[in-house]
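None of these values were measured; they are calculated from a predicted model.
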2 protein chains.
Amino acid sequence: MDKREKILKAALQLFNQYGFDNTPTARITKEAGVATGTLFNYFKNKEELINVLYLTCKESLTRRLSAGLEQETTFRSKLKRIYINYIGWSLDHTDEFLFFQQFCNASCIGETTRKAGLSKFNNIMELISEGIEQEIIKNVNLEYMSNLLMGILNANTYYFIDHPSLAGDEVFIETSFNFLWDSIKN
Amino acid sequence: MDKREKILKAALQLFNQYGFDNTPTARITKEAGVATGTLFNYFKNKEELINVLYLTCKESLTRRLSAGLEQETTFRSKLKRIYINYIGWSLDHTDEFLFFQQFCNASCIGETTRKAGLSKFNNIMELISEGIEQEIIKNVNLEYMSNLLMGILNANTYYFIDHPSLAGDEVFIETSFNFLWDSIKN
DNA sequence: AATGAGATTGACTATTTAGTCATTTGCACT
DNA sequence: AGTGCAAATGACTAAATAGTCAATCTCATT
């Protein structure tokens, strides 16, 4: 693993545990096993580091979200696939998931970074739009719907993270998905 | 308003805007219009300040949540009352609501404080339990259910905060509550 | 008017931290 | 072995900040 990656990995863990401002760059480089100066070779400053981290995580997540989506035929099964992918990714990358929860609204993440991150969700937004048009799900505006979906999705994800054994429990996955589905279906 | 209150009010605004570590105590006292030393007369240190703030907000919220609850007769109407109270409080105390969202999991809030805050939700938890026992809502464990309810509640609240004119729109309140209700009802 | 106890002040200190930069190291190619 | 260049180093600096404390102020009581 090259030093840049080591720095990103250490920063992810430490930012999660202590927060952005409570993590000295010296601690990041120590954890990464590199010199303090090395961090500033790869990143202009501490803020650029966390912004790169944010986009890296977001890319990893969005890649996963659409995995196997094309195989699903109905709107419900597509949504369930996304649901499973989101939870699966969060279980495989818990540090990254928690990082998002902590920093998705933090001021150290720049507006540019946040916009770049959001654009990656476009195809999922389109799917939701179609569901509304076809009257499969309730007719409310897209902003409300995506807000709500993320809320339910994250609540479920937290629960799966606290009870990882449920990840293999098909029955509970269906049960929990139905909390989401029943909420929005027409 | 006495100086202690002024300090708490300034801290609330500044912590929200800049975060805990990015808000110098000097800035808090300046905003509050008192000397830097005064903060440390009323609070042992910066951490005690934020913990007091947390509990103060939580008390204000829980007082509001059960307002008028005894007048409601059905389980659904009780839950809707709590829903309206929560959103109403958040609109009246947006700074306090956002403070919670930012700091509910932050490490600067001590374990003792967090436990003290949680205990205030006991009566609402009991209501949920009854709803499950009476098979009015789905039978899942209480931790899952409360997790999910908070997720939906907060998602809705954010939307109302972004669109404050909806607060008086009975139809939209009912519509949005139904996203919650349809999710959990049996 | 005098008293004094508690509230308030703000200059000050000891510590921490982001970022710099002159120097050293590792390595690919002669 | 020699050369040159990018990568890496870590001692150092300038700035920021939590908390202290001796001095000052306020005001109820006599």
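- Looking at B/Val140, B/Leu79, B/Ile152 one by one, the single match for side chain to side chain contact (heavy atoms under 4.5 Å, CB included) with B/Ile184 turns out to be B/Leu79.
- Summarising the geometry, the separation between CZ on A/Arg4 and C1' on D/dA6 is reported as 17 Å, rounded to the nearest angstrom.
- The aromatic rings of B/Phe172 and B/Tyr159 sit tilted relative to each other, their planes meeting at an angle between 30° and 60°.
- In this structure, the side chain of B/Asn147 does not engage the main chain of A/Asn156 through any donor-acceptor pair within 3.5 Å.
- The stretch residues 36-47 of chain A comes close to DNA chain D through A/Thr36, A/Gly37, A/Thr38, A/Asn41, A/Tyr42, each having a heavy atom under 4.0 Å from the strand.
- Taking atom NZ of B/Lys3 as the reference point, atom C1' of D/dT26 lies 10 Å away to the nearest angstrom.
- Taking the ring-ring contact (aromatic ring centres under 6.0 Å, His included) definition, one finds that A/Phe103 meets it with A/Phe99, sequence neighbours left out.
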> Would A/Glu170 and A/Lys80 count as a salt bridge (Lys or Arg N to Asp or Glu O under 4.0 Å) if you check the C-alpha gap in whole Å, the side-chain angles of each, and the deciding distance to 0.1 Å?
Replying inline: CA-CA 12 Å; A/Glu170 287 293 339; A/Lys80 187 170 174 186; 5.1 Å; no
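- Separating the CG atom of A/Asp2 from the P atom of D/dA6 is a distance of 18 Å, rounded to the nearest angstrom.
- Using bins of under 30°, 30° to 60° and over 60° for the plane-to-plane angle, the ring pair B/Phe75/B/Trp181 lands in the tilted bin.
- Near DNA chain C, meaning a heavy atom under 4.0 Å away, the residues from residues 9-35 of chain B are B/Val34, B/Ala35.
- Ion pairing of A/Asp182 with B/Lys185 is absent here, as no side-chain N (NZ or NE/NH1/NH2) approaches a carboxylate O to less than 4.0 Å.
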